[in-house]
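Read through the structure below, which is laid out as structure tokens, and then see the notes.
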Amino acid sequence: MTQSNITEILTQLGRVLLGKPEQIKLALTCLLARGHLLIEDLPGMGKTSLSHGIAQSLGLSYQRIQFTSDMLPADILGVSIFDKEQSQFVFHPGPIFKQMILADEINRASPKTQSALLEAMAEHQITVDGITHPLPSPFFVIATQNPSEQSGTFPLPESQLDRFMMRLSIGYPSAEAEIAMLKGHDQSPQVKSLPQCITQLELSQLQQEVEKVSASDALLGYILALVDLSRSQSEGFGLSPRASKALLQAAKAWAFIHKRSYLVPEDVQAVFSSVAEHRIRSSSQQQGEALSQKILSSVNPIL
């Protein structure tokens, strides 16, 4: 494996999602760190194209699940149906049995349905009627949610939010990118035919290389200082130990993408808001974003 594989993937995804190199890089960072990604944005921003493009580029089986208010957990996980010929219940797998899942508009479903993903995201398995079924490997969830002020949405509980390693917004395209779209530069129909850049074995090797990225004691102290400060902010929720691990893993993946085998403070700073924002916000996106930036600017790395 060479770093050229990463460059090839980023370049290919850049042709699918125009003018958003930072968001593409953060999404790939999340995958290489073995995490799940939450994208919060308005409809029509390219969330589906990005997730499908990642699946195609990495050769992963892909399934888009449209979440609705009347959806039940069985619609995602599957159901056991009695087979007369075998005189027993036979499990019929649901759409979650793919390597990459796009949980589209996840906050339009009820909390009960949202919770169907908890075991899958945490343990890469599901349990139906007391029987455990392993999910494919690798297993990666990209969930999208509409802004909470839109009608017909249910807030994601903190336990669900904490399962997502990173959260990001794609945002409106630049003027240049939107002009290209208006001129007919629409890559959506071509996403399904994108060439596979790496094999699943090579993807696994990349993830293993990410884990080997070293972090000095001083750098770990910097991460801990950020986490400790988040816990002292009375207006928000503090970062959990799971969040501190996620911050370290995401920073390692960011460093790896930038061809470094060791962490520097800039790696942590680059991913901090994406890892922390959705965990520490207490009432709104804007407040959480302000908190994450406030924490980041209040702690100086001393290495």
Side-chain angles (χ1 to χ4, degrees), residues 9-32 35-69 71 75-76 94-109 113-114 116-117 120-121 135-136 138-148 150-154 156 160-161 163-174 177-178 180-182 184-197 203 274 278 285:
I9 294 169
L10 293 174
T11 301
Q12 181 160 286
L13 293 176
R15 292 194 290 266
V16 172
L17 190 64
L18 299 178
K20 298 294 179 180
E22 198 76 4
Q23 289 84 346
I24 291 172
K25 203 176 293 184
L26 285 169
L28 187 59
T29 293
C30 190
L31 175 59
L32 292 179
H36 304 290
L37 178 65
L38 177 65
I39 304 177
E40 183 176 81
D41 221 322
L42 296 168
M45 292 295 187
K47 302 182 292 290
T48 301
S49 296
L50 175 60
S51 61
H52 200 176
I54 293 174
Q56 287 291 118
S57 298
L58 303 181
L60 304 177
S61 58
Y62 173 82
Q63 180 66 56
R64 175 181 177 269
I65 305 175
Q66 178 63 54
F67 280 63
T68 58
S69 59
M71 177 177 279
D75 296 327
I76 302 170
I96 200 171
F97 285 84
K98 297 291 184 181
Q99 293 171 317
M100 177 171 287
I101 301 295
L102 173 62
D104 209 6
E105 297 185 305
I106 188 175
N107 61 335
R108 289 203 179 278
T113 303
Q114 293 175 14
L117 287 174
M121 294 171 67
L135 293 172
F139 180 73
F140 185 52
V141 174
I142 295 180
T144 71
Q145 67 170 348
N146 297 324
S148 57
Q150 290 193 349
S151 60
T153 60
F154 297 88
L156 267 66
Q160 180 73 68
L161 285 171
R163 292 301 193 279
F164 291 101
M165 174 177 281
M166 299 176 69
R167 172 207 168 273
L168 60 87
S169 295
I170 294 177
Y172 292 111
S174 65
E178 196 152 10
M181 294 176 196
L182 294 174
H185 189 99
D186 184 5
Q187 290 292 334
S188 299
Q190 285 78 38
V191 171
K192 293 182 180 179
S193 60
L194 285 177
Q196 180 178 339
C197 296
L203 172 60
S274 297
H278 61 289
Q285 174 184 346

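The basis for the numbers below is simple: all heavy atoms, side chains too, and nothing from hydrogens, waters or symmetry mates.
For residues 39-59, the ring-ring contact (aromatic ring centres under 6.0 Å, His included) pairs, not counting sequence neighbours, are H52-Y62.
Scored by the side chain to side chain donor-acceptor pair (under 3.5 Å) test, Q66 finds R64, E105 as partners (sequence neighbours excluded). Here D75 pairs with M71, L72 under the side-chain contact (heavy atoms from CB on, under 4.5 Å) rule; sequence neighbours left out.
For the atom pair L50 CG and L17 CG, the distance stands at 5.5 Å (nearest 0.5 Å). Note that the CE atom of M165 and the OG atom of S274 stand 11.5 Å from one another [nearest 0.5 Å]. In this structure, K47 NZ and S169 OG are separated by 9.5 Å, a value rounded to the nearest 0.5 Å. The distance from the CD atom of Q23 to the CG atom of L13 is 12.5 Å, given to the nearest 0.5 Å. Here CD of Q12 is found 9.0 Å from CG of L58. Values are rounded to the nearest 0.5 Å. Of the inter-residue distances, the one linking C197 atom SG with I54 atom CD1 reads 11.5 Å to the nearest 0.5 angstrom.
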*Might you work through the side chain to side chain contact (heavy atoms under 4.5 Å, CB included) test for S69 and R108, ending with a clear yes or no?*
CA-CA 6 Å; S69 59; R108 289 203 179 278; 5.9 Å; no
*side chain to side chain contact (heavy atoms under 4.5 Å, CB included) assessment of I24 paired with L28*: CA-CA 6 Å; I24 291 172; L28 187 59; 5.6 Å; no
*Begin with the C-alpha distance, continue with both residues' side-chain angles, and end with the deciding distance and a verdict on side chain to side chain contact (heavy atoms under 4.5 Å, CB included) for I101 and I142.*
CA-CA 6 Å; I101 301 295; I142 295 180; over 6 Å; no
*Would you please test T29 and L31 for side chain to side chain contact (heavy atoms under 4.5 Å, CB included) and show each step?*
CA-CA 5 Å; T29 293; L31 175 59; over 6 Å; no
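What you find for T48 and S51 is that their closest heavy atoms are O-OG, 3.0 Å. Taking both residues in full, the closest heavy atoms of S57 and I9 are given as CB-CG2, 4.4 Å, listed atom of the first, atom of the second, then distance. When all heavy atoms of S49 and V16 are compared, the pair lying nearest together is O-CG1, 3.5 Å. Residues L117 and F67 come closest through the heavy atom pair CD1-CZ, 4.0 Å.
Put simply, the side chain of I106 reaches to within 4.5 Å of the side chain of Q114, judged on heavy atoms. In this structure, the side chains of I65 and D104 stay at 4.5 Å or more apart for every pair of heavy atoms. Side-chain contact between L38 and L161 is present, with at least one heavy-atom pair separated by less than 4.5 Å. Considering only heavy atoms from C-beta on, L203 comes within 4.5 Å of L60 through its side chain. Taking 4.5 Å as the limit, some side-chain heavy atom of Q99 sits within range of a side-chain heavy atom of S61. L26 places a side-chain heavy atom less than 4.5 Å from the side chain of M166.
Between the side chains of E40 and Q145, a donor-acceptor pair is found at a separation under 3.5 Å.
The aromatic rings of H36 and F140 lie parallel to each other, their planes meeting at an angle below 30°, with 60° marking the opposite boundary.
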